[in-house]
Amino acid sequence: MKTMIQSVKGTREFYPRQMELRRWLYAKIEATATQFGYEEWDGPFLEKIDLYAAKSGEELVKEQSFVFPDRGGDLITLRPELTPSLARMVAQKQNELTYPLRWWSFGPFWRYERPQKGRSREFFQWNIDMIGVESAEADAELVGICVKFLKSVNVTPDQVKVLVNHRELIDVELGKLGVVSDLKKAVFKLIDRKDKLPFDKWEATALEAGLTQNQLEGVVTLLENKELWRESEYLSKVFSILEKMGVADYVEYDPKIIRGLDYYTGLVFEAWDVGGDGRSVLGGGHYSNLIGDVGGSPLGGVGFAMGDMMMTVILEKYGLLPQFGAFEKTVLVTVFDQSLMLSSVGFASELRSNGVKTICYPEISKLQKQFKYADRMGIELAVVIGPDEDVEGKVTLKDLKSGSQETIKREDAAAKIQQMLV
RNA sequence: GUGGCUAUAGCUCAAUGGCAGAGCAUCGCACUGUGGAUGCGAGGGUUGUGGGUUCGACCCCCAUUAGCCACCCCA
């Protein structure tokens with residue numbers, strides 16, 4: 001123990017129990033994405049830092065990326081997000097792809113941050129994007145997909161809400177307040193932090209950034225206006241589509257949703273744990289210029305990303321994590337003694353040939369120990385082939401849940417077991 | 001990057017500055033053809049690491065490392 005080399009800080013270790021959860025989550029994601037006709041894809045785990053330098057936002061690149069020089073001196077980063085890779089891969093084959101393209105991906109990402117609850121340095125993220133369309137319908141579809149996913153894992157609207165806003169709408173409103181373009185980026189940042197800072201502090205920061213007292217009050221009023229979306233034809237359309245999709249109960253307008261990533265240009269949205277203490281569990285939006293920014297022709301897209309850890313925190317909090325029984329449908333063939341070992345091995349093999357998941361106990365030991373093993377593993381059916389059974393060409397099947405057992409002809413056993421395991 | 005808390009058996013945690021313990025888990029026995037339950041027993045420790053104070057340190061002090069939590073930021 002003393003000399004055990006520790007795992008790298010913030011990395012994930014998936015013991016079988018956790019791997020089951022990861023696969024379960026993956027299956028839920030896949031089902032939702034596939035239902036909407038999205039195709040699975042992936043990008044490199046390593047990218048040059050320049051890919052992110054342009055558009056992802058300064059903090060993400062400078063503070064939160066794992067960066068190291070390769071042997072040729074290039075600065076390589078473990079991917080902190082997927083969208084720039086997506087933009088490049090689309091740009092590279094821009095004229096060969098059929099639009100709108102609908103792609104999804106689930107894989108590991110790395111960010112150099114202090115680990116805490118729901119946050120580590122290595123995490124899995126679901127990304128799903130539609131590219132090649134500039135429409136409220138496309139934007140609404142992505143919002144709808146995230147709601148459908150939430151539904152598929154039994155999260156309810158009073159547990160998680162999807163908050164929606166539109167950057168242009170806020171941009172226009174800021175214009176009305178006389179906020180000049182140069183200041184808008186800073187104000188966006190401020191809006192994003194409105195609920196994260198105490199008001200006096202927030203106010204001070206705002207004035208420091210260059211807002212006048214009047215403008216400040218205007219912004220505050222703006223951010224309290226939950227009906228602001230009515231002034232946007234675009235958002236009205238989005239909401240009516242979401243209504244038709246049957247997901248409107250999960251969706252709310254919130255003028256404070258801005259998103260930290262710089263490349264969003266239109267619709268932005270985040271899913272939040274309504275139960276207060278949470279961070280956002282998922283976030284996304286519309287990006288009109290990203291493909292062009294990485295060297296392609298202008299082409300817009302919309303998408304979102306969801307991290308596995310926060311989602312798991314939420315599911316755990318609301319008791320929605322499934323109980324896994326990895327070995328419920330597995331048979332343990334016990335080994336009676338050395339002379340009968342081959343008989344057990346042979347029978348186990350027969351069962352596997354019949355499509356039954358079968359574990360044969362791998363050493364000679366007391367039946368007591370073997371049954372205990374089965375019990376611990378959650379195995380519900382055990383087979384005993386002792387001297388009596390062997391002589392008569394029979395096997396004993398024991399149902400570990402009820403404790404009852406019966407001895408039947410060996411050639412009838414496979415069928416009987418299949419029936420018992422249903 | 002900032003702040004708070006923690007570190008003792010495999011796990012969860014106790015222990016006025018005076019013999020390092022419990023529960024769970026493991027192994028054995030009761031039980032040589034059968035798990036969960038019960039009883040009895042056993043093994044398991046350089047108290048994160050390095051210094052200091054003290055007759056004496058798990059306990060107090062300093063440093064260090066790691067973990068957790070909250071900020072920042074984000075998934």
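Because the structure is predicted, anything quoted here is derived from the model rather than measured. A note on names: the letters A, B, ... follow the listed sequences, proteins ahead of strands, and every chain is numbered from 1.
B:rA20 and B:rC29 have their C1' atoms separated by 28 Å, given to the nearest Å. Remark: the separation of the P atoms in B:rU46 and B:rC5 is 28 Å, to the nearest Å. Across the C1' atoms, B:rG50 and B:rA15 are found 25 Å apart, a figure rounded to whole Å. Separation of the C1' atoms belonging to B:rG23 and B:rU8 is 15 Å when rounded to the nearest angstrom. Spacing of P atoms, B:rG45 relative to B:rG10, comes out at 7 Å, to the nearest Å. Taking atom P on both B:rG36 and B:rA25, the two are 11 Å apart, rounded to the nearest angstrom. A distance of about 11 Å separates the C1' atoms of B:rA57 and B:rU47, rounded to the whole Å. On the C1' atoms, B:rU2 is 31 Å away from B:rU12, given to the nearest whole Å.
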What N/O pairs connect the protein and nucleotides 28-32 of chain B at under 3.5 Å? Give each pair on its own line.
from   : atom 1 : to       : atom 2 : distance (Å)
B:rC29 : OP2    : A:Lys366 : NZ     : 3.1
B:rC31 : O2     : A:Gln368 : NE2    : 3.3

Is there any protein nitrogen or oxygen under 3.5 Å from a nitrogen or oxygen in nucleotides 65-67 of chain B, and what are the pairs?
from   : atom 1 : to     : atom 2 : distance (Å)
B:rG67 : OP2    : A:Lys9 : NZ     : 2.5

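If you check B:rA70, B:rC73, B:rA75 against the side chain of A:Gln125, the one that comes closest is B:rA75. Of the candidates B:rU34, B:rG36, B:rC69, B:rC69 carries the atom nearest the A:Gln116 side chain, counting heavy atoms from C-beta on. Residue A:Asp192 places its side chain closer to B:rC74 than to any other of B:rA70, B:rA75, B:rC74. Distances from the side chain of A:Lys117 to the nucleotides B:rA70, B:rC74, B:rC73 place B:rA70 closest. The side chain of A:Pro387 lies closest to B:rG33 when the candidates are B:rC69, B:rG33, B:rA75. Here the side chain of A:Asp388 is nearest to one of B:rG35, B:rG33, B:rA70, namely B:rG33. Side-chain proximity of A:Val384 to the nucleotides B:rG35, B:rC72, B:rG33 is greatest for B:rG33. In this structure, the nucleotide among B:rG35, B:rA75, B:rG33 sitting nearest to the side chain of A:Met310 is B:rA75. Ranking B:rA75, B:rA70, B:rG35 by closeness to the A:Ser280 side chain, first place goes to B:rA75.
Ring geometry, A:Trp104 versus A:Tyr26: the interplanar angle falls from 30° to 60°, so the pair is classed tilted. Between A:Tyr264 and A:Tyr287, the two ring planes are tilted [angle within 30° to 60°]. The aromatic rings of A:Trp103 and A:Trp41 are tilted relative to each other, their planes meeting at an angle between 30° and 60°. Relative ring orientation between A:Trp126 and A:Phe149 is described as tilted, the plane-to-plane angle lying within the 30° to 60° band.
Taking atom CD1 on A:Ile379 and atom P on B:rG35, their separation rounds to 15 Å, with Å as the unit. For the pair A:Glu122 CD and B:rA75 C1', the computed distance is 14 Å after rounding to whole Å. Atom P of nucleotide B:rU34 and atom CE of A:Met377 are separated by 22 Å, given to the nearest angstrom. The nearest whole Å value for the distance from the OH atom in A:Tyr361 to the P atom in B:rG35 is 13 Å. In this entry the distance linking CE of A:Met309 with P of B:rC73 reads 20 Å, nearest Å. A straight line from CZ of A:Phe304 to P of B:rA75 spans 12 Å, rounded to a whole angstrom. Protein atom CD of A:Glu113 is 6 Å distant from nucleotide atom C1' of B:rC73, rounded to whole Å. In this structure, CZ of A:Arg121 is placed 18 Å from P of B:rC73, rounded to the nearest angstrom.
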(Q) For Watson-Crick and G-U wobble pairs within 3.5 Å on both distances, what is RNA chain B written in dot-bracket notation, | included for inter-strand pairing? (A) (((((((..((((....[..)))).(((((.......))))).....(((((..]....))))))))))))....

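Ion pair A:Asp42/A:Arg79 flagged as a salt bridge, since at least one NZ, NE, NH1 or NH2 atom sits closer than 4.0 Å to an Asp/Glu carboxylate oxygen. Using a 4.0 Å cut-off between a side-chain N of Lys or Arg and a carboxylate O of Asp or Glu, A:Glu122 and A:Arg111 do not qualify as a salt bridge. Taking 4.0 Å as the cut-off between side-chain N and carboxylate O, A:Arg17 and A:Glu20 count as a salt-bridged pair.
Applying the side chain to side chain donor-acceptor pair (under 3.5 Å) test to A:Arg167 and every residue at least two apart in sequence or in another chain returns nothing. Every residue meeting the side-chain contact (heavy atoms from CB on, under 4.5 Å) condition with A:Glu406, not counting sequence neighbours, appears here in chain and number order: A:Ile408, A:Lys416.
Lacking a ring centre under 5.5 Å from that of the base six-membered ring together with a plane angle below 30°, A:Tyr373 does not count as stacked on B:rG35.
Separation of the A:Tyr373 and A:Phe327 ring centroids does not fall under the 6.0 Å cut-off.
Nucleotides of RNA chain B nearest to A:Leu282 and A:Gln370 differ in position, and the one nearer the 5' end is that of A:Gln370. Along RNA chain B, the nucleotide nearest A:Pro115 and the nucleotide nearest A:Val281 are compared for position; the residue whose nucleotide lies closer to the 5' end is A:Pro115.
For A:Asp375 against B:rG35, a side-chain-to-base donor-acceptor contact under 3.5 Å is present. Judged by atom type and distance alone, A:Lys398 reaches the base of B:rG35 through a side-chain donor-acceptor pair under 3.5 Å. A donor N or O paired with an acceptor N or O is found under 3.5 Å between the base of B:rU34 and the side-chain atoms of A:Gln405. Side-chain atoms of A:Glu270 and base atoms of B:rA75 include no donor and acceptor less than 3.5 Å apart.
Using a distance-only test at 3.5 Å, with no hydrogens or angles considered, a donor-acceptor pair links the side chain of A:Ser344 to the main chain of A:Thr334. At least one donor-acceptor pair closer than 3.5 Å links the side chain of A:Thr312 to the backbone N or O of A:Asp308.
Side-chain nitrogen and oxygen atoms of A:Arg114 include none within less than 4.0 Å of the OP1 or OP2 phosphate oxygen of B:rA70. OP1 or OP2 of B:rA75 has at least one side-chain nitrogen or oxygen of A:Arg259 nearer than 4.0 Å.
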Solution key, residues 251-258 of chain A side-chain donor-acceptor pairs under 3.5 Å, sequence neighbours excluded:
from     : atom 1 : to       : atom 2 : distance (Å)
A:Tyr253 : OH     : A:Asn165 : OD1    : 2.9
A:Asp254 : OD1    : A:Lys256 : N      : 2.8

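As judged by a 4.0 angstrom heavy-atom cut-off over every strand, A:Ser120 is placed among the base-contacting residues. Counting any heavy atom pair closer than 4.0 Å across all strands shown, A:Ala374 reaches no nucleic acid atom. Residue A:Phe336 is in base contact, counting any heavy-atom pair closer than 4.0 Å across all strands shown.
With 3.5 Å as the limit, one finds no donor-acceptor pair spanning the side chains of A:Ser404 and A:Asp399.
Within 6.0 Å of atom NZ in A:Lys357, more than 12 heavy atoms from other residues, nucleotides or ligands are found, so the atom counts as buried in its surroundings.
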